[in-house]
Amino acid sequence: MHWSTCVLPRMHSAGKALHELLTSAQRQECLTVGVYESAKVMNVDPDNVTFCILAADEIDEGDIALQIHFTLIQAFCCENDINIVRLNDTEKLAEILGSTDDSGEPKDLHCILITNPSEDAWKDPALEKLGLFCEESRNVNDWVPSITLPE
């Protein structure tokens, strides 16, 4: 069996689950958007963070400061057992979450955290699917798997 037969359907279903999670978390007001905003939340309340998304386009790959931030965020997530994925399409992300904040400023979509809305753990089927996807990826030493959002 060719590797793509196993990986591609799993990746597509992870992309679909990520889309569902983002829209659901936005409705529940459980999103933290932006590298600096995310770092603040991780510093103040890391136990409340349930999932992390690092997003960058090809143009961002040359941004050394952003890559350093990504490395630190990845290390923090691994150390605190927070599932983390990479996304290579900030444009699709902007379509889902909107590209500007309430004041009309462009959103920094490079880092997005999903947090618990309250003391009770937020049970979302998409979050559970993504947790399983991350766990399976770690089992094959892919610590920060890449996901593609569906068209």
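Residue indices begin at 1 and follow the sequence shown. Given the structure is predicted, the values throughout are model-derived calculations rather than measurements.
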Note, Leu132 side chain near Glu136 side chain (heavy atom, < 4.5 Å): yes
Check against side-chain contact (heavy atoms from CB on, under 4.5 Å), Val85 and Cys134: CA-CA 8 Å; Val85 296; Cys134 289; 3.7 Å; yes
Short side-chain to backbone donor-acceptor contact, Thr115 and Val49, under 3.5 Å: no
Qualifying residues under side-chain hydrogen bond (donor to acceptor under 3.5 Å, both in side chains), relative to Arg138, sequence neighbours excluded: Asn83
Cluster overlap Ile84 with Leu109, hydrophobic side-chain contacts below 4.5 Å: no
Side-chain donor-acceptor pairs under 3.5 Å in residues 73-81, sequence neighbours left out?
| from | atom 1 | to | atom 2 | distance (Å) |
| --- | --- | --- | --- | --- |
| Asn80 | ND2 | Phe76 | O | 2.9 |

Ile112 side chain reached by Leu87 side chain, heavy atoms, under 4.5 Å: no
Leu97 to Lys107 - nearest heavy-atom pair and separation: O-NZ, 2.6 Å
For the student: nearest non-hydrogen atoms of Leu21 and Phe51, plus distance: CD2-CD2, 4.1 Å
Non-hydrogen side-chain atoms of Val33 and Asp108 separated by less than 4.5 Å: no
Leu31 with Leu18, same ILVMFWY side-chain cluster at under 4.5 Å: yes
Atom CD of Glu128 with >12 non-hydrogen neighbours under 6.0 angstrom: yes
Please list, one pair per line, the donor and acceptor atoms closer than 3.5 Å that link side chains of residues 52-65 to other protein atoms, with sequence neighbours excluded.
| from | atom 1 | to | atom 2 | distance (Å) |
| --- | --- | --- | --- | --- |
| Asp57 | OD1 | Thr90 | N | 3.1 |
| Asp57 | OD1 | Thr90 | OG1 | 3.4 |
| Asp57 | OD2 | Thr90 | OG1 | 2.2 |
| Asp60 | OD1 | His110 | NE2 | 3.4 |
| Asp60 | OD2 | Asp57 | N | 2.9 |
| Asp60 | OD2 | His110 | NE2 | 3.2 |
| Asp63 | OD1 | Ala65 | N | 3.3 |
| Asp63 | OD1 | Leu66 | N | 3.1 |

Heavy-atom side-chain proximity of Leu72 to Phe70 below 4.5 angstrom: no
Check: Leu22 and Ile96 side chains under 4.5 Å, non-hydrogen atoms: yes
Single hit among Ile147, Thr50, Asp124, Ile114 for side chain to side chain contact (heavy atoms under 4.5 Å, CB included) with Leu130: Ile147
Value rounded to 0.5 Å, distance of NZ in Lys40 from CD in Glu37: 5.5 Å
Lys129 (side chain) donor-acceptor with Ala17 (main chain) under 3.5 angstrom: no
